[in-house]
2 protein chains.
Amino acid sequence: MKNLDNKDFLYLKIGHKIERQIQSGVLKLGDKLPSTRIMGQQYGVSISTVLQAYYYLESKSLIASKPRSGYYVTFSAHTLPDSPAMSNPDPNSILGKNTELIIDFFQNISTETVVNLSLGVPSEKLLPIAKLNKVLHEAIGSLTHGGTIQGDILGKKKLRRQIAQRSALWGGVLTEDDVIITSGCTSALSLALMAVTEPGDTIAVESPVYFGLIQLANTLGLRVIELPTHPLYGMDTEALQTAIDTNEIKAVAVISNFSNPMGNTMSDNSKKALVEIIEKHNIPLIEDDIYGEIYYGDHRPTTCKTYDTKGLVLLCSSFSKTLSSGYRIGWISPGKFKAEVIRLKLYVSSTTTTVTEEAVSLFLEKGRYDHHLRKLRQRLHANSLQFLVAIGKYFPEETKVSRPQGSFLLWVQLPAHIDTRVLYKSAVANGVRFSPGRIFTLQEQYCNCMRLSYALEWNNKVDDALKCLGQLIKDYK
Amino acid sequence: MKNLDNKDFLYLKIGHKIERQIQSGVLKLGDKLPSTRIMGQQYGVSISTVLQAYYYLESKSLIASKPRSGYYVTFSAHTLPDSPAMSNPDPNSILGKNTELIIDFFQNISTETVVNLSLGVPSEKLLPIAKLNKVLHEAIGSLTHGGTIQGDILGKKKLRRQIAQRSALWGGVLTEDDVIITSGCTSALSLALMAVTEPGDTIAVESPVYFGLIQLANTLGLRVIELPTHPLYGMDTEALQTAIDTNEIKAVAVISNFSNPMGNTMSDNSKKALVEIIEKHNIPLIEDDIYGEIYYGDHRPTTCKTYDTKGLVLLCSSFSKTLSSGYRIGWISPGKFKAEVIRLKLYVSSTTTTVTEEAVSLFLEKGRYDHHLRKLRQRLHANSLQFLVAIGKYFPEETKVSRPQGSFLLWVQLPAHIDTRVLYKSAVANGVRFSPGRIFTLQEQYCNCMRLSYALEWNNKVDDALKCLGQLIKDYK
């Protein structure tokens, strides 16, 4: 599937090509790039297009200009820490207790935190606040009742249509009737899970896994089987097949693109394989694609829903990770479970907020979303490289770090003797927050891991925070 | 407990006194009221205060002025239809299917409806749209991030404080720490029910009962016992005691004030008795007080929470029935179940919409809520009388109608041979909608009943709609 950017932005094509050369080490730290004139001839484009490509690479901190000299590579993949290995959770369902940890984690977000690396959503510095305020003001005026009245239980038709149209980007063929608006992705996920399971059922998930999902499952009385997951390629579909052969799995849940917390993305083939398995066994698949739009590469990844032929995939997403978590606008495309999801939405959560639903509709209709997404992706990609370099510099040598190709989360594996639950307390005392690895599992594992979020503005304070964290880890006894 | 209105508005005191005389028949249809001068002397107040009282009664259609003659009573309780008898549901839990009926009811709200008497929330004509728009615009500006960022999982502190302060009005002693903001009352109710029950548990409710509650219970795998309920005085506490003696009741749910659909309100003594029962048996009580602020009398009724000494009452409410259903701002005061409700909120529904939460905060802080409520109550009370008179005029003689002392819902019991599910279809074909009685129970009952909502602007079209409905009932075969 081709991405629109590809056709529209020639400079990005050239930028991505040079980027791959830098990432793979073909272009090395300190190498001088060819002049814009020579590059222009080489690619058959104008000098200004080459300059745009260089600006793009500069914005990602991959190259830098030296006055009266030219552009130089400032990044090296070789100085980066290794990626972690495939995860290896217990194949049986184990229900550990980690609730207190998470509650503490959510309730004590004090203003004393200097740098918050546990952000689940982009900091306001990365959001188009002024433009969003504008559509929000506009929304109040454009609704005759100012948004005081509840809308259709399915959600606003024009927003459902916009979402359906965007499905073409991941190879989907949704229509507005396939989409139901929800109060964020949390609500989409809980409706999905309630629609396809009953208390006592068993579900299979990635490991490490988004803590909200397993806590929700716990709350609904479900057993959870965590599956081995590759830090780059995601859920091990063979392990899933084994789990299905040995357990009565009633649903599978996965974040197929740039998963939380490990950043892994399933290849098209893995997605196809996963859909084949669930179709063969008639098992619903809850797919959380909340990060799918934040890709660093040159095209948006597909989803499992792309390959769904039997309506078994319940695709969940939202605008919380890209636009505004405070608006509470998400959506679900529930496949053949539509009637049940509508019924549940009526009684469990009801309609979404009228005025923010209208604002998101307007933002999309005006075509502002794609413009914002391009900027967001670029900044987050640049941040990811800054973080990788900083961790390589400040953290112990044995540290392993994931290599996300989208979103804004890093999975960091520290030396085995470090318990990040303990480290967390000293970090908070030093004004730095992160997410301890233990919350991303129901088992006793990932205690030496942490999730770092780089959904903030990169600056010296953040660099200092990573330095401080690195020092705390080195001093850990 | 004294109501603020009482001290502040002398005219209301006088108005309510005359109102009671009219309602009880002391003042009869056609009676001339004393002149403002004589009334002023009688009550020791100014003529303008008496005039205010008369205007108030006029706005409720209880009296009317005749030019150059004075004020006359235009209402008579005696021409009104009778009130229905105590309900008599099956004492055992019976799980009937009425889902399709409700879904249809929610999905096919077309614009062709001329008059919608099935409104669950006030029509925009009764809402302070301009003032709400103003605080909403203000909210966007006052939040540095324009409301794009999620707030605290508990909800905004200043809104929780406003709600806690208002608890004094019903004899409560809440603090901001006792209140959690939710996405409307639906979310409050689902969190409450999930917090205190497990699938397979049995709960006891009123009968007829708010359909959302029993559908939610159904969804959560709960058994539901419907209890006999008096159309004026609410849940029969003796029947509850019997149910507890013969079943393992894990939770009780009640709308203690102006219940949906029957309009019944528990007396202070009934509320005390109910709390005594649940405390004796250590059973959580989910109290939905969503209509409590819309009282027609001279003071706000208490709640069961008023008498709660053990933290067993989970009080749920929202601003949807008084201010704006589209804002999705409700709240729960979960008593001793606070930690569990927070945990559930995190995973099932997450935070509420930041900007509408801020707008409601501002509206309350500016003291606009009470002013609006006074107007709303007056208009709804006037509507209730208009509806009662119209039904008395147009419906068959055997019709029985409830006598709500607050809110905006009437429970109408038609002759036994009429199935309101059938009637519903012909009514919709005639551009009139109502809520068929069958949706307010899981049993095969109330098929000859309907719920009429008068949360709209009274005018000739509404009068015509009731006339049309009356004719359809008379023509029913």
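Just so you know, these numbers use all the heavy atoms, side chains as well, and skip hydrogens, waters and symmetry mates. In this text, all values refer to a predicted model and were calculated from it rather than measured experimentally. Order of the sequence lines fixes the chain letters, A, B, ..., with proteins taken first and strands second; residue numbering starts at 1 for each chain.
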(request) With sequence neighbours excluded, tell me which residues meet side-chain hydrogen bond (donor to acceptor under 3.5 Å, both in side chains) with B:S142. (result) B:E358
(message) Just so I understand: if I count every heavy-atom pair under 4.5 Å between each of A:L344, A:L189, A:T351, A:L132 and chain B, which residue has the most?
(response) A:T351
(message) On a heavy-atom basis, which atom in A:S190 and which in B:V348 lie closest, and how many Å separate them?
(response) OG-O, 2.8 Å
(message) If we define contacts as heavy-atom pairs under 4.5 Å, which of B:N133, B:T186, B:T354 has the most with chain A?
(response) B:T186
(request) Answer with side chain, backbone, both or neither: which region of A:T144 has an atom nearer than 4.5 Å to a non-hydrogen atom of chain B? (result) both
(message) If you compare all heavy atoms of B:G146 against all heavy atoms of A:L136, which two are closest, and at what distance to 0.1 Å?
(response) O-CD2, 3.9 Å
(request) Select, from A:A188, A:A359, A:P199, the one with the greatest count of heavy-atom pairs under 4.5 Å involving chain B. (result) A:P199
(message) For A:H137 and B:H137, take the angle between the two ring planes, folded into 0 to 90°, and tell me which bin it lands in: parallel under 30, tilted 30 to 60, perpendicular over 60.
(response) parallel
(message) I'd like to check B:V121 versus A:Q150 (side-chain heavy atoms, cut-off strictly below 4.5 Å). Are they in contact?
(response) yes
(message) Going by side-chain hydrogen bond (donor to acceptor under 3.5 Å, both in side chains), name the residues that satisfy it together with A:Y291, two or more places apart in sequence or in a different chain.
(response) A:N260
(message) Would you say that A:R328 contacts B:R328 through its side chain, given a criterion of any heavy-atom pair below 4.5 Å between the two side chains?
(response) no
(message) Between B:T353 and A:T353, do the side chains contain a donor N or O and an acceptor N or O under 3.5 Å apart?
(response) yes
